[in-house]
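The structure appears right after this line, and notes come after that.
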There are 2 protein chains.
Amino acid sequence: MDIEELLKQNDLKVTPQRKAILAVLQNTNSFLSAQDLFQRVIAILPGTNFSTIYRNLDVMLAKGLLCRVPSDNGADLYELRREEGHHHHAVCKTCGASIPVDYCPMESLIQELDRKGFLPTEHCFEVYGLCARCRKGKGKQ
Amino acid sequence: MDIEELLKQNDLKVTPQRKAILAVLQNTNSFLSAQDLFQRVIAILPGTNFSTIYRNLDVMLAKGLLCRVPSDNGADLYELRREEGHHHHAVCKTCGASIPVDYCPMESLIQELDRKGFLPTEHCFEVYGLCARCRKGKGKQ
DNA sequence: CTAATTGCAAATTGTTTGCAGTTTA
DNA sequence: TAAACTGCAAACAATTTGCAATTAG
């Protein structure tokens with residue numbers, strides 16, 4: 001999807017900063033921290049301010065353009081929401097490797113939640129543990 | 001389980017601070033933020049320092065005594081891990097109500113992860129949305 | 001007695017905010 | 001031109017750290 005289209009469809013004004021943010025997110029297929037995103041954005045558009053990053057992450061989240069997941073260390077991670085390919089991750093606590101998981105718990109939960117009248121709008125599901133390499137003691141990847 | 005026993009079994013020295021922390025956690029059946037925990041601990045053991053809370057949350061997490069889940073606002077939440085009664089929550093974004101969910105995605109995932117050689121040690125699963133009351137526009141509980 | 005643990009105060013880190021100037025529609 | 005958006009600098013809140021004194025085993 002075209003970036004400008006995406007912004008317009010969501011009632012967001014097209015600014016260079018937003019185009020840069022979305023360009024970075026579109027070219028990344030893993031999660032990014034706000035810091036990582038910021039670094040990549042200023043490579044494209046020098047001078048962009050960190051608070052602009054945060055403000056836009058917030059509005060894009062509110063519009064449902066992004067997913068946010070909490071990470072093991074303080075910083076939250078962000079990713080562009082794509083229709084196809086919604087997935088979760090298993091994150092290795094030793095080397096940080098992120099293994100995609102083709103299973104989403106929401107499908108199994110819709111009914112239970114519906115029975116309780118709860119309408120889910122966001123979810124996070126993260127698994128932490130040891131990846132195959134680290135289990136074998138091969139240490140950092 | 002007796003608190004002192006629990007500490008000894010995990011190679012942790014029995015200190016008044018740790019006993020207070022575990023006492024609070026045992027008497028609470030929802031998640032607590034570090035702040036909430038701190039408030040309740042100093043009610044039992046005045047003078048306890050905030051850094052002691054954080055340090056002990058860390059060691060208890062490392063020993064697997066606790067679960068930690070990220071929350072919608074910055075602060076992480078903690079709960080005593082109990083054999084029975086492991087559960088997750090659906091959190092209302094409007095009123096903050098926390099609805100227990102008797103479903104854990106891990107069970108459905110063990111095989112997929114195992115196939116990939118991944119050994120899960122922790123997980124978080126949180127659902128956000130609108131609770132029944134707020135859906136009906138009754139506002140804050 | 002020794003290593004673990006604590007309190008304290010200061011530092012760090014991730015994130016948010018007020019405001020004045022700029023840009024988009 | 002009005003509302004939305006940005007940069008800047010300062011404020012915040014959650015968490016972490018160094019260090020000296022205390023305490024559990």
Side-chain angles (χ1 to χ4, degrees), chain A residues 2-24 31-63 65-66 68-78 124, chain B residues 2-24 31-63 65-66 68-78 124:
Chain A
D2 179 54
I3 289 181
E4 304 206 1
E5 265 314 297
L6 190 58
L7 286 169
K8 286 177 187 163
Q9 286 188 4
N10 285 278
D11 296 309
L12 295 175
K13 295 194 170 175
V14 178
T15 68
Q17 293 83 352
R18 284 180 179 158
K19 288 200 285 184
I21 290 171
L22 287 175
V24 168
F31 283 95
L32 288 179
S33 66
Q35 293 278 354
D36 287 341
L37 178 59
F38 174 61
Q39 297 303 335
R40 300 187 195 197
V41 165
I42 56 177
I44 299 177
L45 191 69
T48 303
N49 195 273
F50 217 139
S51 61
T52 302
I53 300 290
Y54 276 113
R55 277 193 272 239
N56 280 306
L57 286 173
D58 283 349
V59 305
M60 291 177 189
L61 266 175
K63 296 286 183 180
L65 265 59
L66 307 182
R68 171 171 57 191
V69 308
S71 79
D72 205 25
N73 65 80
D76 287 346
L77 303 176
Y78 301 83
C124 90
Chain B
D2 180 54
I3 290 181
E4 302 207 3
E5 264 314 299
L6 189 58
L7 286 170
K8 286 177 186 163
Q9 286 186 5
N10 285 278
D11 296 309
L12 294 175
K13 293 192 174 178
V14 178
T15 67
Q17 293 83 350
R18 285 180 179 158
K19 289 200 285 185
I21 290 170
L22 287 175
V24 168
F31 283 94
L32 288 179
S33 66
Q35 294 277 355
D36 288 341
L37 178 60
F38 175 61
Q39 297 303 334
R40 301 187 194 198
V41 165
I42 56 176
I44 300 177
L45 191 69
T48 303
N49 195 274
F50 216 139
S51 62
T52 302
I53 300 290
Y54 276 113
R55 277 194 272 238
N56 280 306
L57 286 174
D58 282 348
V59 305
M60 291 176 188
L61 267 175
K63 296 286 185 181
L65 264 60
L66 307 182
R68 171 172 59 190
V69 308
S71 79
D72 205 26
N73 64 79
D76 286 346
L77 304 175
Y78 302 83
C124 89

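Residue numbers begin at 1 in each chain, while the letters A, B, ... track the order of the sequences.
The separation between A:Gln35 atom CD and C:dT16 atom P is 13 Å, rounded to whole Å. Protein atom NZ of B:Lys63 is 11 Å distant from nucleotide atom P of C:dA4, rounded to whole Å. Rounded to whole Å, the distance from CG on A:Asn56 to P on C:dT24 is 13 Å. Rounded to an integer number of Å, the gap from A:Leu7 CG to C:dT23 P is 18 Å. D:dA4 atom P lies 17 Å from atom CG of A:Asp58, rounded to whole Å. Going from atom CZ of A:Phe38 over to atom C1' of C:dT13 covers 15 Å, rounded to whole Å. Going from atom CG of B:Leu61 over to atom C1' of D:dT16 covers 15 Å, rounded to whole Å. Rounded to an integer number of Å, the gap from A:Leu37 CG to C:dT15 C1' is 14 Å.
Defining each end axis of the helix from C:dC1-D:dG25 to C:dA25-D:dT1 as the rotation carrying four pairs' C1' atoms onto the next four, with five pairs an end, the two axes are found to diverge by 40° to 10 degrees.
Taken residue by residue, residues 8-24 of chain B places heavy atoms nearer than 4.0 Å to DNA chain C at B:Lys13, B:Thr15, B:Gln17, B:Arg18. Near-neighbour residues of DNA chain C inside residues 42-53 of chain B, defined by a heavy atom below 4.0 Å, number-ordered: B:Gly47, B:Thr48, B:Asn49, B:Ser51, B:Thr52.
A heavy-atom distance below 4.5 Å is found between the side chains of A:Met60 and A:Leu22. When side chains are defined from C-beta on, B:Thr15 does not count as touching B:Asn56, because their heavy atoms never get closer than 4.5 Å. The shortest distance between side-chain heavy atoms of B:Phe38 and B:Val41 does not fall below 4.5 Å. Looking only at side-chain heavy atoms (C-beta outward), A:Leu45 and A:Lys19 stay at 4.5 Å or farther from each other. Looking at heavy atoms from C-beta onward, A:Leu57 lies out of side-chain contact with A:Arg68 at the 4.5 angstrom threshold.
Taking CG from A:Leu7 and CG from A:Asp2, the interatomic distance works out to 9.0 Å, rounded to the nearest 0.5 Å. Separating the NZ atom in B:Lys63 from the CG atom in B:Leu12 is a distance of 5.5 Å, to the nearest 0.5 Å.
The two atoms that bring A:Thr52 and A:Ile21 nearest to each other are O-CD1, 4.4 Å, heavy atoms only. The minimum heavy-atom distance linking A:Gln17 with A:Thr48 is given by the pair CG-CG2, 4.0 Å. What you find for B:Ile44 and B:Val24 is that their closest heavy atoms are CD1-CG2, 3.6 Å.
Comparing D:dT16, C:dG7, D:dA14 by their closest approach to the side chain of B:Arg55 singles out C:dG7.
Side-chain atoms of B:Asn49 come within 3.5 Å of backbone atoms of B:Ser51 as a donor-acceptor pair (strictly under, hydrogens ignored).
Note on B:Tyr54: a side-chain N or O is less than 4.0 Å away from OP1 or OP2 of D:dT15.
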